[in-house]
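All remarks here apply to the structure that follows.
Because the structure is a prediction, the values reported are computed rather than measured. Throughout, residue positions are numbered sequentially from 1 according to the sequence presented.
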Amino acid sequence: ISETLELIHLHPQLSAAILQESCDLSCTPILGSIQADKPLFNKCGGQGGVETGFEWNAVMWMCLCKLVSIWVEIAYGIDLDGKPYARVLWADNLLLLSRSWEHLRTMAQSLTDMFRAHGNRWKKGSLEIMESFEVVCDDWLLSDGDTEFQVNGVCEMKLLGTLLDNVGST
């Protein structure tokens with residue numbers, strides 16, 4: 001998180017305040033009449049996009065910043081009205097845009113590698129692919145070196161209340 005805050009040139013006092021509020025947190029789990037030891041929470045946003053949206057997007061933005069210029073330079077992504085697009089970050093949803101299956105797989109794997117290099121990994125079951133290249137909805141795998149993550153092939157996906165399909169009819 002601190003590297004991301006530095007990358008976006010956030011004032012050092014604001015960065016320090018955000019980091020201080022995210023460290024050395026604790027809770028007291030109580031199950032019925034049993035009280036457990038207080039675990040420390042100091043991973044600065046280990047809950048993902050729903051509970052820690054700002055932190056998730058900050059880390060994702062940093063990882064994408066390091067990759068997108070490379071993707072655009074080697075002509076990955078798509079071109080709309082003469083402007084290149086390789087990704088869309090929408091709340092806690094990330095869309096990778098590509099003209100070919102091979103480029104998409106390379107982009108997804110390089111993002112997985114970058115994400116893992118910063119101490120993060122995908123949540124199992126959260127990855128989906130919707131292809132429109134050949135209207136195929138097949139599953140595939142990504143690896144972060146330790147774990148393989150299944151990317152579920154879907155023909156429809158809902159993004160913030162909008163239903164998208166792979167033939168452009170929604």
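Of all the heavy atoms in Ser100 and Ser98, the pair that sits closest is O-OG, 2.7 Å. Shown here for Arg87 and Leu96, the closest heavy-atom pair between the two residues is CB-CD2, 4.1 Å. Nearest heavy atoms, Glu148 versus Leu141: OE1-CD1, 3.3 Å.
Side-chain contact check for Leu111 versus Leu142: every heavy-atom pair is 4.5 Å or farther apart. By the 4.5 Å heavy-atom criterion applied to side chains, Val154 and Ile129 are not counted as neighbours. Between Met60 and Leu94 the shortest side-chain heavy-atom distance falls below 4.5 Å.
For residues 56-65, there are no salt bridge (Lys or Arg N to Asp or Glu O under 4.0 Å) pairs, not counting sequence neighbours.
The CG atom of Leu127 sits 6.0 Å away from the CH2 atom of Trp122 when rounded to the nearest 0.5 Å. A distance of 9.5 Å separates CE in Met107 from NE2 in His103, rounded to the nearest 0.5 Å.
With sequence neighbours excluded, the residues forming a side-chain contact (heavy atoms from CB on, under 4.5 Å) with Lys124 are Thr147, Phe149, listed by chain and number. Evaluation of the side chain to side chain donor-acceptor pair (under 3.5 Å) rule for Asp113 yields Gln109 as partners, not counting sequence neighbours. In this view, Arg121 and Asp144, Asp146 satisfy the salt bridge (Lys or Arg N to Asp or Glu O under 4.0 Å) rule, not counting sequence neighbours.
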Please tabulate, for the side chains in residues 62-78, all donor-acceptor contacts under 3.5 angstrom to protein atoms that are two or more places apart in sequence or on a different chain.
| from | atom 1 | to | atom 2 | distance (Å) |
| --- | --- | --- | --- | --- |
| Lys66 | NZ | Glu3 | OE2 | 2.8 |
| Lys66 | NZ | His118 | NE2 | 3.3 |
| Trp71 | NE1 | Ser110 | OG | 3.3 |

Worked verdict on Met114 versus Thr112 for side chain to side chain contact (heavy atoms under 4.5 Å, CB included): CA-CA 6 Å; Met114 178 69 69; Thr112 299; over 6 Å; no

